[in-house]
S.K.: 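To start, I am sharing the structure in question, which I have written as structure tokens.
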Number of protein chains: 2
Amino acid sequence: MAVKPTVSISVIRRLPRYYRFLGDLAKAGINRISSRELSERMGLTASQIRQDLNCFGGFGQQGYGYNVSSLREEIARILGLDNQLNTILIGVGNLGRAIVSHLDFGQRGFNLTAVFDNNPELCGTTIAGMTIMDPSMLEEYCSAHPTQVAILTIPRTAAEALSERLIQCGIRCFWNFSHYDFNLDYENVVVENVHLTDSLMTLGYRVNEYLRTQQTKTEE
Amino acid sequence: MAVKPTVSISVIRRLPRYYRFLGDLAKAGINRISSRELSERMGLTASQIRQDLNCFGGFGQQGYGYNVSSLREEIARILGLDNQLNTILIGVGNLGRAIVSHLDFGQRGFNLTAVFDNNPELCGTTIAGMTIMDPSMLEEYCSAHPTQVAILTIPRTAAEALSERLIQCGIRCFWNFSHYDFNLDYENVVVENVHLTDSLMTLGYRVNEYLRTQQTKTEE
DNA sequence: TAGATTGTTAATCGATTAACAATC
DNA sequence: TAGATTGTTAATCGATTAACAATC
């Protein structure tokens, strides 16, 4: 079988947004849309939308456009929203708590099965129906319950200290909120980083740049 | 004065990471580094590092490399870490709480001055030394305290409902955790989006792709 | 059929990498 | 001075946009 050429990460990162917009359209009772109209609503070019979608197949129909709900289903399939990935979360601070309680993992293709925290006061208490476990239970838990993904809502030092054990537990995929760099220490891992501090600093640069342009305008 | 050509967002987004690595090096007592060695530590090319830095000036020295602490200071200056931007946060749920308590705004160029939440049970209580206010106080607060940035840790519907008022309050820059699309409704705004759900779904795609390659390997 | 809109190829644009002269 | 490494120009690569024939 021919190896399917991998789709670029830029395209993949746009898929969730398409999925969201298509959901909104469906909710609004719209069942047909052209790439041009979708592009106007989303602030993209129609070309880009057609190129993106055609990485995965021809989902539209000439002269008609795309069927909203069937395109949405196609994207759900591409993203693997039905394939429930067994997932654990480590670090039940405010951020971990926010993630456990506000994200609907089931709807996103994940099955959150266990949460860990090394705070003895938290261990044994429950969150979203799960009993918080001590990280010393990691190995035992993972050998009994094969796990594909770990969410790390812990500080960098804790992530560094745990990384080797998580790899030993067979986990290769991480949603990483810490500033620990998995990619540098392990090959053949999948890491999606969310670096809030980096995002904040990027915002800072852009705000200062914006304020400079405003100042210049006033001076003119 | 000639208009400085704006630096591409790809470069800007790498600056916080450079800043972090340079901090680590400084902490480790290293005070000199070449682009090649830094590139190996960070998993980039030396060319890219030199190109990135030279968007802002020649900070290195031929035959020597870069001075760690002075390069770090240059990047701090470029990011505007000294220029404290007055900032408010709206939505003191778990996510807002995590952000208020775990990010060091002062060190990142921001001055968090007020927090708002429409939950009557939270209003009047304090967090990080600030008394949580009702959003009805927004206009009054902003006219008394000029504010450049708003952090939105609220659901999409709440963000939609508040957007016009925030714009009226003179705020044009947003750290947006909601799924509301500012860019589509307002021009001349700076929006840094953090879409956790999108990030999670992107991870899902990548994990499934990874699992497929592993399966193929086993079959061979 | 005529009109609309896709799928896809070609052109453009921008970002990354390579190369090397300048220079510490 | 010789060696090392930058700053910068040129080459490559990839992503976005434009164009249009295919076709519903």
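First the proteins, then the strands, lettered A, B, ... as listed; each starts at 1.
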S.K.: According to side-chain contact (heavy atoms from CB on, under 4.5 Å), who are the partners of A:P146, at least two apart in sequence or on a separate chain?
M.R.: none

S.K.: Looking at DNA chain D, which of residues 23-36 of chain A put a heavy atom within less than 4.0 Å of it?
M.R.: none

S.K.: Who passes side-chain contact (heavy atoms from CB on, under 4.5 Å) against B:R13, sequence neighbours left out?
M.R.: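 Once residues adjacent in sequence are excluded, the partners of B:R13 under the side-chain contact (heavy atoms from CB on, under 4.5 Å) criterion are A:T202, A:R206, B:I9, B:E192.
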
S.K.: What integer distance in Å separates A:I49:CD1 from C:dT5:C1'?
M.R.: 13 Å

S.K.: Give me each pair satisfying ring pair (Phe, Tyr, Trp, His ring centres under 6.0 Å) with a member in residues 46-105 of chain B, each pair once, sequence neighbours excluded.
M.R.: none

S.K.: Please report the shortest heavy-atom distance between A:R172 and A:N188, naming the atom on each side.
M.R.: CD-O, 3.8 Å

S.K.: Taking Watson-Crick (N1-N3 plus N6-O4 or O6-N4) and G-U wobble (N1-O2, O6-N3), each under 3.5 Å, can you produce the dot-bracket string of DNA chain C? Use [ ] for crossing pairs and | for inter-strand ones.
M.R.: ..||||||||||||||||||||||

S.K.: Go through the structure and list residues passing salt bridge (charged side-chain N to carboxylate O under 4.0 Å, His left out) with A:R50, not counting sequence neighbours.
M.R.: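 Testing A:R50 for salt bridge (charged side-chain N to carboxylate O under 4.0 Å, His left out), a comparison that skips the adjacent residues, returns none.
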
S.K.: Can you name the closest pair of heavy atoms from B:R17 and A:D198 and give their distance?
M.R.: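 Between these two residues, the closest heavy atoms are N-OD2, 4.2 Å.
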
S.K.: When every nucleotide of nucleotides 10-18 of chain D is labelled 5' to 3' by its protein contacts under 4.0 Å (heavy atoms), B for base, S for sugar-phosphate only, - for none, what sequence of letters results?
M.R.: B----SSBB

S.K.: Going by the rule salt bridge (charged side-chain N to carboxylate O under 4.0 Å, His left out), which residues pair with A:D24 if we only count those two or more places apart in sequence or in a different chain?
M.R.: B:R156

S.K.: Please check if the side chain of B:S178 supplies one atom and the backbone of B:P155 the other of a donor-acceptor pair under 3.5 Å.
M.R.: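 The answer is no, because no donor-acceptor pair under 3.5 Å joins these two groups.
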
S.K.: Listed by chain and number, what are the ring-ring contact (aromatic ring centres under 6.0 Å, His included) partners of A:F177, not counting sequence neighbours?
M.R.: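 Per chain and number, A:F177 pairs via ring-ring contact (aromatic ring centres under 6.0 Å, His included) with A:W175.
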
S.K.: Evaluate the side-chain proximity of A:I88 to A:I171: yes if any heavy-atom separation is below 4.5 Å, no if none is.
M.R.: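 Side-chain contact under 4.5 Å: yes.
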
S.K.: Quick one: which residue pairs count as a ring pair (Phe, Tyr, Trp, His ring centres under 6.0 Å) with a foot in residues 179-209 of chain B, not counting sequence neighbours?
M.R.: B:F174-B:F182, B:H179-B:H195, B:Y180-B:F182

S.K.: Among residues at least two apart in sequence or on other chains, which ones pass side-chain contact (heavy atoms from CB on, under 4.5 Å) with B:T45?
M.R.: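 Applying side-chain contact (heavy atoms from CB on, under 4.5 Å) to B:T45 gives B:S47, B:Q48.
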
S.K.: For DNA chain C, which residues of residues 55-77 of chain A approach it to below 4.0 angstrom with any heavy atom?
M.R.: A:G58, A:F59, A:G60, A:Q61, A:Q62, A:G63, A:Y64, A:G65, A:Y66

